[in-house]
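Scroll down for the structure; my scribbles are underneath it.
We name chains A, B, ... by the order of the sequence lines, and we start the count at 1 in each one. From a predicted model like this one, the values you see are computed outputs, not experimental measurements.
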Protein chains: 2
Amino acid sequence: MIKKNIQRIIQYRMCLLRFQSLGFERIFSYTLAQEIGVSPEQVRKDFSQFHLRGNKKAGYLIQDILDQINDLLHKEDIHKIIMVGLGNIGQALIKYKGFANRNMQLVAGFDIDPAKLKKNCRIPTFSAKEIPVVVQKENVHIGIIAVPEAAAQEVCNNMVEAGIKGILNFAPVMLKTPPDVVVQNISVCGDLEALVYVTEKNKKQES
Amino acid sequence: MIKKNIQRIIQYRMCLLRFQSLGFERIFSYTLAQEIGVSPEQVRKDFSQFHLRGNKKAGYLIQDILDQINDLLHKEDIHKIIMVGLGNIGQALIKYKGFANRNMQLVAGFDIDPAKLKKNCRIPTFSAKEIPVVVQKENVHIGIIAVPEAAAQEVCNNMVEAGIKGILNFAPVMLKTPPDVVVQNISVCGDLEALVYVTEKNKKQES
DNA sequence: ATTAAATTGTTAATTTATAAACAAAAAGAT
DNA sequence: ATCTTTTTGTTTATAAATTAACAATTTAAT
Ligand SMILES: NC(=O)c1ccc[n+]([C@@H]2O[C@H](COP(=O)([O-])OP(=O)(O)OC[C@H]3O[C@@H](n4cnc5c(N)ncnc54)[C@H](O)[C@@H]3O)[C@@H](O)[C@H]2O)c1
Ligand SMILES: NC(=O)c1ccc[n+]([C@@H]2O[C@H](COP(=O)([O-])OP(=O)(O)OC[C@H]3O[C@@H](n4cnc5c(N)ncnc54)[C@H](O)[C@@H]3O)[C@@H](O)[C@H]2O)c1
């Protein structure tokens, strides 16, 4: 549902940061394209759509493009995120150190199981009942759902009620939300099943 | 890169199983559509493309469609999967109980850190050097990469060399593989950044 | 038996996304 | 100073995906 071009812009950004850290000041559409596995025309088209301009014959000025992409992605702010469900996935995300690099911060975790709240976490944890209080106090707009399938829709409803506008969902269900709330699904099993399908198909085609 | 229609077929399957477990024998394109958030025409088109036939006025026979989708997705076999990287994400996946339901089995984990191999896991763990041995012995085609960005491409190369044909990649890099090896990326941070972009845009449009 | 209602399945239309083509500009070479 | 090469940015073309339209068929009702 989220446009492909913005997803690529996010990838270009990571790639530009990597090239910059390697000491490059400029980059060509061709290089960027190769790195993220698209055509150079796709890169130029994406850049054009977001008014990211380069220099003929001299390519793109990395710092300049990065500044503009950072603007687009609101990288001037740190974006607060809550997570509901402190099981396997929830704990893995809490331990993850990579959010800060990308201007995001997990500000609170929630669970219904009091045992899960006792673990000494890097972030404060609360009973799931506290979702509305914390969301409103901290002014959070993004939430992650890492609860079992059976609880996901209810948790989602509570998040929406509390004011969350974007949800990253690990549970294998399609959540129902009002039109102003966007959901992004992560489907580990679904992706694996798709890989099985494609690899088996390739195998057959060879023979 | 993987076709959208097969991804939806995978979703339909989960939905059909749920309806079946609720006692339903038949289902309409409209119901299925609503559940996974597409139009009924989309459902019928997808079904048509995979030759999944229903009955006019009586909808689709759930068991019948499931049998055929199971065939398509090779659900007659259990698909073996290896995982490289036994850190936060790796551990979360190892503890996950949901693979068996979907005819998939994590058969081995790998890491370069000997400390990670000592943890008493539900699956056997090996030094990363053993990847080719285990992959060939167990005849595995699918692998998961859950190592840091800096190690991902090398691990990928080793997997490909060993005979892996499909990779689920959690590291925030675009892996380079030969054309007969398919990669599916999971990008938690990227998805969150996309959510930030969309929610901020929606916010602006309202005002 | 006939008619009406409901639902599929296919074809056509539209939209979106990707790829190709090429003119324009900039840099460098002659 | 002119010509050549390179690379962007836009325009045009192609392909993929979604939506709409509608005939065909089945069931149920009259
Ligand atoms: N772990 C994986 O590798 C994996 C893989 C694919 C999909 N998933 C999906 O991700 C989700 C989480 O998986 P997991 O392995 O972390 O599960 P888990 O069972 O380890 O953790 C779920 C947590 O959610 C909490 N919870 C349950 N109901 C709740 C509620 N109403 N409010 C707040 N918290 C609640 C539980 O107490 C538990 O701590 C599941 O939907 C699962 O299907 C996980
Ligand atoms: N944990 C998260 O929530 C999260 C979120 C987004 C992205 N990711 C990405 O997922 C990947 C894994 O994240 P993590 O948090 O589990 O990292 P982690 O550091 O906890 O675990 C990585 C594991 O890989 C092992 N490793 C390193 N090099 C290896 C090699 N060459 N061969 C085999 N094993 C090797 C390490 O010993 C370690 O055990 C990273 O690329 C990370 O950027 C993780």
Side-chain angles (χ1 to χ4, degrees), chain A residues 1-12 15-16 19 24-66 68-69 72 174 179 182 185 190 194 197-198 201, chain B residues 1-12 15-16 19 24-66 68-69 72 174 179 182 185 190 194 197-198 201:
Chain A
M1 208 229 127
I2 289 176
K3 285 260 177 58
K4 288 259 182 92
N5 57 5
I6 194 68
Q7 305 198 39
R8 281 192 300 268
I9 290 286
I10 289 168
Q11 291 188 290
Y12 298 141
C15 186
L16 290 168
F19 271 77
F24 291 92
E25 288 197 341
R26 299 175 164 280
I27 197 168
F28 299 130
S29 59
Y30 174 79
T31 316
L32 215 33
Q34 219 178 22
E35 284 299 306
I36 79 155
V38 298
S39 69
E41 294 83 4
Q42 182 76 80
V43 175
R44 298 204 297 274
K45 178 130 234 178
D46 288 335
F47 278 20
S48 172
Q49 281 173 332
F50 288 99
H51 313 293
L52 307 171
R53 301 308 180 78
N55 307 287
K56 310 215 166 179
K57 181 102 195 216
Y60 299 92
L61 204 55
I62 293 179
Q63 185 60 60
D64 180 46
I65 300 295
L66 272 175
Q68 290 178 70
I69 294 184
L72 263 174
M174 295 301 289
V182 196
N185 294 295
Y197 175 80
V198 177
K201 203 169 110 177
Chain B
M1 206 228 128
I2 289 177
K3 285 260 175 61
K4 289 258 182 90
N5 55 6
I6 194 68
Q7 304 197 41
R8 282 191 300 266
I9 290 287
I10 289 167
Q11 290 188 292
Y12 297 141
C15 186
L16 289 169
F19 271 76
F24 291 93
E25 288 196 344
R26 298 175 165 282
I27 197 168
F28 299 131
S29 60
Y30 175 78
T31 316
L32 216 33
Q34 217 178 22
E35 282 301 304
I36 80 155
V38 298
S39 68
E41 294 83 5
Q42 181 77 82
V43 174
R44 298 204 297 274
K45 178 129 235 181
D46 288 335
F47 277 20
S48 170
Q49 281 173 331
F50 289 99
H51 312 293
L52 307 171
R53 301 307 180 77
N55 307 286
K56 308 215 164 176
K57 182 100 196 223
Y60 299 91
L61 203 56
I62 294 180
Q63 185 60 61
D64 180 46
I65 301 293
L66 273 175
Q68 290 178 71
I69 294 183
L72 263 174
M174 293 303 288
V182 196
N185 294 295
Y197 174 80
V198 177
K201 204 169 108 178

What is the distance, to the nearest angstrom, from the [atom1] atom on [X] to the [atom2] atom on [N]?
X: A/Phe28; N: D/dT7; atom1: CZ; atom2: C1'; result: 7 Å
X: B/Ile27; N: C/dT8; atom1: CD1; atom2: C1'; result: 15 Å
X: A/Arg26; N: C/dA27; atom1: CZ; atom2: C1'; result: 11 Å

Legend entry - Side-chain donor or acceptor of B/Gln7 paired with backbone N/O of B/Ile2 under 3.5 Å: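 Yes, the answer is positive, given that a donor and an acceptor are paired below the 3.5 Å cut-off.
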
Inset, instruction - Could you check if a side-chain atom of A/Ile27 sits within less than 4.5 angstrom of a side-chain atom of A/Leu61, using non-hydrogen atoms only? - result: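 No, too far: nothing below the 4.5 Å cut-off.
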
Inset, instruction - State, yes or no, whether a side-chain contact exists between A/Asp64 and A/Arg53 at a heavy-atom distance under 4.5 Å. - result: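 With C-beta onward as the side chain, the pair stays apart.
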
Legend entry - Centroid-centroid distance, A/Tyr60 to A/Phe28, less than 6.0 Å: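 Between A/Tyr60 and A/Phe28, the centre distance exceeds or equals 6.0 Å.
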
Inset, instruction - Would you tell me if any nitrogen or oxygen in the side chain of B/Ser29 comes within less than 4.0 Å of OP1 or OP2 on C/dT8? - result: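 Yes, such a contact exists.
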
Legend entry - Within residues 55-65 of chain A, residues whose heavy atoms come under 4.0 Å of DNA chain C: A/Lys56, A/Lys57

Legend entry - Within residues 38-48 of chain B or reaching into it, pairs that qualify as salt bridge (Lys or Arg N to Asp or Glu O under 4.0 Å) - sequence neighbours excluded: B/Arg8-B/Asp46

Legend entry - Aromatic plane relationship, B/Phe24 with B/Phe19 - under 30° parallel, 30 to 60° tilted, over 60° perpendicular: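 Answer is tilted, since the angle falls between 30° and 60°.
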
Legend entry - Sugar-phosphate or base contact per nucleotide [nucleotides 12-21 of chain D; S, B, -; heavy atom under 4.0 Å]: B----SBBBB

Inset, instruction - Evaluate the side-chain contact (heavy atoms from CB on, under 4.5 Å) criterion for residues A/Met174 and B/Glu35: first the C-alpha distance (whole Å), next the side-chain angles of each, then the deciding distance (0.1 Å), finally the verdict. - result: CA-CA 7 Å; A/Met174 295 301 289; B/Glu35 282 301 304; over 6 Å; no

Inset, instruction - Step through the shown structure and confirm whether more than 12 heavy atoms of other residues, nucleotides or ligands are within 6.0 Å of CD on A/Gln63. - result: yes

